[in-house]
2 protein chains.
Amino acid sequence: MTTAAPTSSSRELPHPTREEIRLESVLHALSDPMRLQVVRELAADGDELSCSHFDLPVTKSTTTHHFRVLRESGVIRQVYRGTAKMNGLRRDDLDDLFPGLLDSVLAAATRQAVRLGGS
Amino acid sequence: MTTAAPTSSSRELPHPTREEIRLESVLHALSDPMRLQVVRELAADGDELSCSHFDLPVTKSTTTHHFRVLRESGVIRQVYRGTAKMNGLRRDDLDDLFPGLLDSVLAAATRQAVRLGGS
DNA sequence: TCCATTGTACGAGAACTATCGTAGTTTGAC
DNA sequence: GTCAAACTACGATAGTTCTCGTACAATGGA
């Protein structure tokens, strides 16, 4: 027996392939404050985070909606792991398609957060 | 008397100050294909261009709408000059607020255009 | 003054978006 | 099997956005 079976799960979620990712959709996904916040946290953590890790000021169903927009635009990758749904930035794909874009958006978000007095 | 009166005109248009520009609004403004195209042309030309210079596949009133979104988000500056309305990128403001952001978006747009076989 | 050019304002319709609440599904633990 | 946790699906609503067409306004030249 193998020591560790890959911790994956049944349900599969539809993701765009790298080639299908469109800049306009990525920018649109990032243009919402809630979603930008999620992306910032994912980038800060560097690893996968469950949906429930985020404490967004909206209901669960709205949260689901925002994560779906991020996934369908190609910004994040989502996989089920047990009852949780783990979210990870698609850094490799985004950096390959649009070098420097994600980093400058994240830097801009941090700068603005500092400027507006906070975080 | 001065040799050259500044070529300006009567009507003034409302612009956000540099401090009022919000990253989310900028990203939203850039997330529309029509507006992204306008910004690319403005960046390529480097100077001010009149609205009528752009040959967008929409009516004039829709064009007005898109230019307004760009102006109100702080991406472009608009001034009247005679019957024309000149549009210029607010590079200085954007680069100061969000260093590298505009350039990486423009680079991403070019890359995508090439990738999708064109321009 | 008259006119062509350039762009605006307004009203309207279709489409999309963000949000919610409720009911349901999947999973893992007991 | 039962139950709680985590998340989804669906339907609804309010707001925003994109688009148009028509009518209007400002400018500069003939």
Side-chain angles (χ1 to χ4, degrees), chain A residues 4-15 22 24-39 42 48-73 75-88, chain B residues 4-15 22 24-39 42 48-73 75-88:
Chain A
T7 314
S8 72
S9 212
S10 56
R11 293 171 283 174
E12 286 298 314
L13 290 159
H15 288 79
R22 301 280 276 108
E24 292 87 340
S25 303
V26 170
L27 294 177
H28 175 251
L30 297 176
S31 73
D32 180 277
M34 207 89 73
R35 294 192 291 257
L36 184 55
Q37 181 56 35
V38 166
V39 170
L42 283 175
E48 295 192 325
L49 295 174
S50 72
C51 288
S52 59
H53 169 273
F54 299 88
D55 193 25
L56 303 179
V58 290
T59 63
K60 277 196 298 180
S61 47
T62 301
T63 301
T64 296
H65 161 69
H66 286 303
F67 276 101
R68 166 148 47 174
V69 172
L70 286 170
R71 184 188 74 238
E72 292 182 343
S73 67
V75 175
I76 67 173
R77 196 177 289 285
Q78 294 189 296
V79 300
Y80 283 106
R81 195 155 304 165
T83 85
K85 194 185 200 173
M86 304 305 290
N87 303 277
Chain B
T7 314
S8 71
S9 214
S10 56
R11 294 169 285 174
E12 285 297 314
L13 291 159
H15 289 78
R22 302 280 275 108
E24 292 88 340
S25 303
V26 170
L27 294 177
H28 176 250
L30 297 176
S31 73
D32 180 277
M34 207 89 73
R35 294 192 292 257
L36 185 54
Q37 181 56 36
V38 167
V39 170
L42 284 175
E48 295 191 325
L49 295 173
S50 73
C51 289
S52 60
H53 169 273
F54 300 87
D55 194 24
L56 304 179
V58 291
T59 62
K60 275 196 301 177
S61 46
T62 301
T63 301
T64 296
H65 161 70
H66 285 304
F67 275 101
R68 168 149 44 174
V69 172
L70 286 170
R71 185 188 73 239
E72 293 182 343
S73 68
V75 175
I76 67 172
R77 195 178 289 285
Q78 294 190 296
V79 300
Y80 283 105
R81 194 156 304 166
T83 86
K85 193 185 200 173
M86 304 306 289
N87 303 276

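A note on names: the letters A, B, ... follow the listed sequences, proteins ahead of strands, and every chain is numbered from 1. The structure presented is a predicted model; accordingly, all values stated were derived computationally and were not measured.
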Distance check, rounded to the nearest 0.5 Å: [X] atom [atom1] versus [Y] atom [atom2]?
X	Y	atom1	atom2	result
A/Ser50	A/Met86	OG	CE	5.5 Å
B/His28	B/Arg35	NE2	CZ	5.5 Å
A/His66	A/Thr62	NE2	OG1	6.0 Å
B/Ser31	A/Leu30	OG	CG	10.0 Å

message: With a cut-off of less than 4.0 Å, is there a side-chain N or O of B/Ser50 near OP1 or OP2 of C/dT6?
response: no
message: With a 4.0 Å cutoff (strictly under), does any side-chain N or O of A/Arg35 reach OP1 or OP2 of C/dA18?
response: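 Indeed, a polar side-chain atom of A/Arg35 lies that close.
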Any side-chain heavy-atom pair of [X] and [Y] under 4.5 Å:
X	Y	result
B/Gln78	B/His15	yes
B/Met34	B/Pro57	yes
B/Arg71	B/Pro14	yes

field: Sugar-phosphate, base or nothing in reach of A/His53, heavy atoms under 4.0 Å
entry: nothing
message: Classify B/Thr64 by what it touches in the nucleic acid, base, sugar-phosphate, or nothing, heavy-atom distance under 4.0 Å.
response: base
Over how many whole Å does the gap from [X] atom [atom1] to [N] atom [atom2] extend?
X	N	atom1	atom2	value
B/Leu70	D/dT17	CG	P	13 Å
B/Glu72	D/dC18	CD	P	12 Å
A/Gln78	D/dA6	CD	P	16 Å
A/Arg81	D/dA5	CZ	C1'	17 Å
B/Glu12	C/dG7	CD	C1'	16 Å

task: Among the candidates D/dC7, C/dA18, C/dG7, find the nucleotide nearest to the side-chain atoms of A/Val69.
output: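 Closest nucleotide to the A/Val69 side chain: C/dA18.
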- request: Just compare D/dC7, C/dG28, C/dG7 and give me whichever is closest to any side-chain atom of A/Thr83.
  value: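 Among the listed nucleotides, the one closest to the side chain of A/Thr83 is C/dG28.
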- request: Determine yes or no for a side-chain-to-main-chain donor-acceptor pair under 3.5 angstrom, with A/Asn87 supplying the side chain and A/Leu49 the backbone.
  value: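 Checking the backbone N and O of A/Leu49 against the side chain of A/Asn87, a donor-acceptor pair under 3.5 Å is found.
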Closest approach of B/Ala29 to B/Leu70 (non-hydrogen atoms, all atoms of both residues): CB-CD2, 4.1 Å
statement: Under the rule of Watson-Crick or G-U wobble with both distances under 3.5 Å, where | means paired to another strand and [ ] a crossing pair, DNA chain C maps to ||||||||||||||||||||||||||||||
- prompt: Quick one: what's the B/S/- string for nucleotides 19-25 of chain C, heavy-atom cutoff under 4.0 Å, read 5' to 3'?
  reply: BBB----
